[in-house]
Number of protein chains: 2
Amino acid sequence: MRSAPAAVAEVTPERFNLFDPNCPGRAVMEHIVSRWGVLVLGVLLRGTHRFGEIRAAVGGVSEKMLAQTLQALERDGMVLREVRPVIPPHVDYSLTDLGRPFAETITTLYTMIERAAPDVQAAQQAYDERKAAR
Amino acid sequence: MRSAPAAVAEVTPERFNLFDPNCPGRAVMEHIVSRWGVLVLGVLLRGTHRFGEIRAAVGGVSEKMLAQTLQALERDGMVLREVRPVIPPHVDYSLTDLGRPFAETITTLYTMIERAAPDVQAAQQAYDERKAAR
DNA sequence: CAGAATCCCAAACGATACTG
DNA sequence: CAGTATCGTTTGGGATTCTG
């Protein structure tokens with residue numbers, strides 16, 4: 001008699017594959033590299049901040065989107081949210097040990113973009129001229 | 001008579017600041033870390049590929065979004081597009097020297113997410129339970 | 001095969017008002 | 001102060017069709 005062979009493997013078709021649309025890691029990736037996620041992580045790398053401070057630091061973000069972004073990052077374990085039970089409310093946000101490396105990598109991207117800016121601008125100009133010429 | 005003092009400085013209020021909603025670097029950042037941008041860069045890090053190959057590799061992307069993503073990255077100088085004048089058309093995409101470091105950094109993020117996956121899942125579960133308990 | 005163009009819907013987003 | 005709720009608009013993005 002052969003012992004039950006079915007339902008042993010079968011799970012995780014290709015281990016962990018971000019290129020698979022059903023991979024749960026995709027959502028995490030998207031939270032981190034979302035429009036506001038990258039900026040929030042950058043701010044928090046500079047230290048603990050309150051909601052209003054983050055909102056002021058990240059130009060253009062609405063309250064709604066900031067709250068939403070922070071919640072996603074908190075749920076993923078990237079951000080720690082600490083509420084002080086006072087009136088008026090006081091809530092501090094900071095990076096967790098899990099989140100810090102991500103914030104650092106993202107910040108690397110900031111620097112890379114800044115250094116690449118002249119080349120990017122040249123490339124864009126060349127591209128636009130190439131297009132205009134047809 | 002004092003020589004014209006106005007309009008001397010004033011430009012580039014804070015040099016290069018991604019946190020400024022008007023900073024042109026923001027657009028570049030968003031192209032790179034867009035939903036499909038991160039995946040396309042990851043694929044191209046593995047080598048030169050044709051349009052259809054990339055489309056097959058990146059699960060869930062539509063033709064339209066792939067074309068759009070590739071165009072943005074090409075315009076920013078991250079991706080090189082080479083057309084071979086044959087019928088049927090043959091177009092190769094590859095990373096430029098400018099784009100490769102970005103693709104490498106993005107790929108670092110893949111790995112980080114993969115390694116963090118268990119912690120993330122635990123954090124999500126804890127978060128959901130905390131929420132459910134009220 | 002690579003992509004441009006069109007249509008159209010769902011989701012994302014911002015502004016505003018409200019609450020603990 | 002730190003959100004939540006609601007609403008109207010914009011945008012993203014998929015499906016389809018067409019062309020070189």
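What you see is a predicted model; the values in this text were computed from it and never measured.
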Inset, instruction - Specify the closest pair of heavy atoms between B/Arg26 and B/Leu18, including all atoms of both residues, with the distance to one decimal. - result: NE-O, 2.8 Å
Atom [atom1] of [X] and atom [atom2] of [N]: how far apart are they, to the nearest Å?
| X | N | atom1 | atom2 | value |
| --- | --- | --- | --- | --- |
| B/Arg84 | C/dC1 | CZ | P | 15 Å |
| A/Ile87 | D/dG3 | CD1 | C1' | 14 Å |
| A/Glu30 | D/dG13 | CD | P | 9 Å |
| B/Arg55 | D/dG13 | CZ | C1' | 12 Å |
| A/Met65 | D/dT10 | CE | C1' | 13 Å |
| A/Leu66 | D/dC1 | CG | P | 15 Å |
| A/Glu63 | C/dG14 | CD | P | 12 Å |

Legend entry - Rounded distance (nearest 0.5 Å) linking atom CG of A/Asp92 with atom NE2 of A/His49: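 With rounding to 0.5 Å, CG (A/Asp92) is 10.0 Å from NE2 (A/His49).
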Inset, instruction - With rounding to the nearest 0.5 Å, note down the distance linking CZ in A/Phe16 to OH in B/Tyr110. - result: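 Answer for the CZ-OH pair, A/Phe16 versus B/Tyr110, is 10.5 Å.
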Inset, instruction - For A/Arg81 and for A/Lys64, locate the closest nucleotide of DNA chain D by heavy-atom distance; then report the residue assigned to the nucleotide nearer the 5' terminus. - result: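 The residue whose closest nucleotide sits nearer the 5' end is A/Arg81.
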OP1 or OP2 of [N] under 4.0 Å from side-chain N/O of [X]:
| X | N | answer |
| --- | --- | --- |
| A/Arg50 | D/dC1 | no |
| B/Arg35 | D/dG12 | no |
| B/Gln68 | C/dG3 | no |
| A/Tyr93 | D/dG3 | yes |

Inset, instruction - Decide yes or no for B/Leu95 and B/Phe102: does some side-chain heavy atom of the first lie under 4.5 Å from some side-chain heavy atom of the second? - result: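 No, their side chains stay 4.5 Å or more apart.
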Side chain of [X]: nearest nucleotide among [options]?
| X | options | result |
| --- | --- | --- |
| A/Val91 | C/dC1, D/dC1, D/dG3 | D/dG3 |
| B/Phe51 | D/dG3, C/dA2, D/dG13 | C/dA2 |
| A/Pro89 | D/dG14, C/dG20, D/dG3 | C/dG20 |
| A/Gln71 | C/dA2, D/dG3, D/dC1 | D/dG3 |
| A/Trp36 | D/dG13, D/dT4, C/dG14 | C/dG14 |

Legend entry - Donor-acceptor contact present, side-chain B/Thr69 to main-chain B/Gly37, <3.5 Å: no
